[in-house]
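Predicted model, so just to flag it, every value in this text is computed and none were measured.
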Amino acid sequence: MRIKEYLKSIMEFTAKQIATYLGGEIIGDENAVVSTFAKIEEGVHGALSFLANMHYAHYIYDTKSSIVLVNRDFVPEKEVKATLIRVDNAYECIARLLSLYQQAQGKRTGIHPLAYISPTATVGEDCYVGPFAYIGDNATVGKGCQIYSGAVIEKGASLGEDCMIYPHASVYHGCQLGNRVTLHSGAVIGADGFGFAPTPNGYEKIPQIGIVTIEDDVEIGANTCIDRSTMGSTYVRRGVKLDNLVQIAHNCEVGENTVMSAQVGVAGSAKIGSWCMFGGQVGVAGHIRVADKTQCGAQAGIAGTVKKPGATIQGSPAIDFRNFARSSAAFKRLPDMALELRQLQAEVEELKTQLGKI
């Protein structure tokens, strides 16, 4: 891939090279050169920006960025000084370029002398293990993994190839991670599920003897927790993306390519389908199922099984988003409606009194 090699060598590329790589159309100077990225509202000379959300469209006329990626249907209302590259999806294309840029920075390799690796652990080729990282007995780390300072891989845990374990993330004993899994700082994989049996003397802990299984290409945000199962495994399937501060309880399953925003909480034994999208602070009750491609608005409370694939729900308890919108409109008027009702009741009582005198 020529643009990748070019980035590695001099970290500078032209509009023509970008357009060729992305299959885009150039409007302006094909020789315009960029060497960094910037938000369109903070553009500087030599920077590449993008416009995907039309809420930011007014910035394109004054941005100092040299090149801006835009969607093919964008039509400027006046002159644009920057060189434009029209592409099918500007947001997706900037993500591809950012990935290339990141790859060009290279990976660390080597074992820091302050890291601890058990003599019975296996660490693959081209790995990096930072200071004060810990890899326990019989743990397996695949080739190309990056394990940063203070990260913990407990005994018997397994990481596939090219995983990124950021500082102070923890993988508890026996848990299994696939290839290209990213754990951001403070993520905890395999803490005990919240299982306690009530007794006359308090709560007796139920041992959690299962594991967590995370498949390929999963990214897990900072301080997110995925609990080990009571028995068997909690599953996070291929391609799942979890934001910061997400809680996945014991014995849950999160389907392929599902995404969850910050502070989502999923209670024990819930089964989430594939390609679902959860907004911030969505709550899911335990032991229910959520169908594939369900979209849940922020703060939705999913109290029961969602059977229909592709549903869009909102509110607590969550209902169809159209019904929620109508209900919300009515809710805003409740004080006025209550006043009108009291007035009507008073008028009815007055009419009864008048009719009684006839």
Side-chain angles (χ1 to χ4, degrees), residues 1-109 126 128 143-146 161-164 166 179-182 184 216-219 221 238-241 243 256-257 259 275 277:
M1 191 179 298
R2 291 182 179 179
I3 191 167
K4 186 174 180 179
E5 296 169 357
Y6 194 69
L7 275 167
K8 285 184 176 180
S9 61
I10 59 175
M11 300 305 295
E12 190 174 86
F13 46 103
T14 67
K16 184 176 180 179
Q17 289 171 309
I18 297 170
T20 300
Y21 175 67
L22 299 175
E25 174 192 359
I26 300 172
I27 309 298
D29 181 9
E30 68 176 20
N31 296 314
V33 175
V34 291
S35 58
T36 189
F37 295 85
K39 295 190 291 185
I40 192 169
E41 65 270 33
E42 298 175 357
V44 295
H45 181 73
L48 173 68
S49 298
F50 75 104
L51 175 62
N53 185 336
M54 295 310 294
H55 178 74
Y56 296 90
H58 61 283
Y59 288 114
I60 199 168
Y61 304 107
D62 298 315
T63 187
K64 292 182 173 58
S65 291
S66 300
I67 301 174
V68 180
L69 301 182
V70 297
N71 293 330
R72 292 192 191 276
D73 60 359
F74 173 71
V75 178
E77 297 176 354
K78 55 184 179 180
E79 181 184 1
V80 177
K81 296 177 182 177
T83 293
L84 303 183
I85 300 178
R86 297 185 190 275
V87 292
D88 292 333
N89 186 320
Y91 192 73
E92 179 184 323
C93 286
I94 199 71
R96 289 171 60 188
L97 291 175
L98 285 168
S99 293
L100 286 177
Y101 184 88
Q102 186 178 51
Q103 291 169 23
Q105 308 305 308
K107 287 185 175 181
R108 298 182 184 182
T109 57
D126 299 322
Y128 169 72
K143 68 179 183 180
C145 288
Q146 307 275 288
E161 297 179 3
D162 297 314
C163 293
M164 298 281 287
Y166 282 101
N179 300 320
R180 300 174 300 279
V181 172
T182 297
H184 287 280
D216 296 348
D217 300 304
V218 170
E219 182 156 350
R238 180 181 59 83
V240 167
K241 314 298 181 189
D243 198 359
E256 291 185 359
N257 298 305
V259 295
W275 291 101
M277 300 180 70

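Looking at Gln146, its side chain does come within 3.5 Å of a backbone N or O of Arg108 through a donor-acceptor pair. A distance-only check finds a donor-acceptor pair linking the side chain of Thr63 to the backbone of Ile40 [under 3.5 Å]. Side chain of Asn71 to main chain of Asp73: no donor-acceptor pair is present (N/O by atom type, distance under 3.5 Å, no hydrogens or angles). Remark: the backbone N or O of Lys143 is not paired with any side-chain donor or acceptor of Asp126 at under 3.5 angstrom. Between the side chain of Glu42 and the backbone N or O of Lys39, no donor-acceptor pair lies under 3.5 Å.
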Could you please spell out the steps behind the side-chain contact (heavy atoms from CB on, under 4.5 Å) verdict for Glu41 and Tyr56? CA-CA 8 Å; Glu41 65 270 33; Tyr56 296 90; 4.2 Å; yes
Run Glu256 and Arg238 through salt bridge (charged side-chain N to carboxylate O under 4.0 Å, His left out) and show every step you take. CA-CA 5 Å; Glu256 291 185 359; Arg238 180 181 59 83; 2.9 Å; yes
Full working for side-chain contact (heavy atoms from CB on, under 4.5 Å) between Ile67 and Thr14: CA-CA 9 Å; Ile67 301 174; Thr14 67; over 6 Å; no
Please assess Glu77 against Tyr61 for the test side-chain contact (heavy atoms from CB on, under 4.5 Å), listing each intermediate value before the final yes or no. CA-CA 9 Å; Glu77 297 176 354; Tyr61 304 107; 3.6 Å; yes
Report the C-alpha separation of Leu69 and Ile18 in whole Å, then their side-chain angles, then the decisive distance to 0.1 Å, and conclude whether the side-chain contact (heavy atoms from CB on, under 4.5 Å) test is met. CA-CA 10 Å; Leu69 301 182; Ile18 297 170; 4.3 Å; yes
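Contact check for Val70 versus Ile27: no side-chain heavy atoms found under the 4.5 Å cut-off. Taking the side chain as every heavy atom from C-beta outward, Lys16 and Ile26 approach each other to under 4.5 Å. Side chains of Phe50 and Leu97 form no contact here, defined as non-hydrogen atoms less than 4.5 Å apart. Two residues are said to be in side-chain contact when any heavy atoms from C-beta on lie closer than 4.5 Å; Leu51 and Tyr59 fail this criterion.
Residue His45 places its NE2 atom among 12 or fewer non-hydrogen atoms of other residues, nucleotides or ligands, all under 6.0 Å distant.
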Which donor-acceptor pairs under 3.5 Å do side chains of residues 83-91 form with protein atoms, sequence neighbours excluded?
| residue | atom | partner | partner atom | Å |
| --- | --- | --- | --- | --- |
| Thr83 | OG1 | Asp29 | N | 3.1 |
| Thr83 | OG1 | Asp29 | O | 3.4 |
| Arg86 | NH1 | Phe74 | O | 2.4 |
| Asp88 | OD1 | Arg72 | NE | 2.5 |
| Asn89 | OD1 | Tyr91 | N | 3.1 |
| Asn89 | OD1 | Glu92 | N | 2.9 |

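Atom OH of Tyr128 is separated from atom SG of Cys145 by 14.0 Å, given to the nearest 0.5 angstrom.
Checking each of Arg180, His184, Lys241 against Glu219 for a side-chain hydrogen bond (donor to acceptor under 3.5 Å, both in side chains) leaves exactly one that passes, namely His184.
Of all heavy-atom pairs between Lys107 and Gly144, the closest is NZ-O, 3.5 Å. Here the closest non-hydrogen pair linking Gly46 and Ser66 is N-OG, 2.8 Å. In this structure, Ala38 and Gly43 approach most closely via the heavy-atom pair CB-CA, 4.1 Å.
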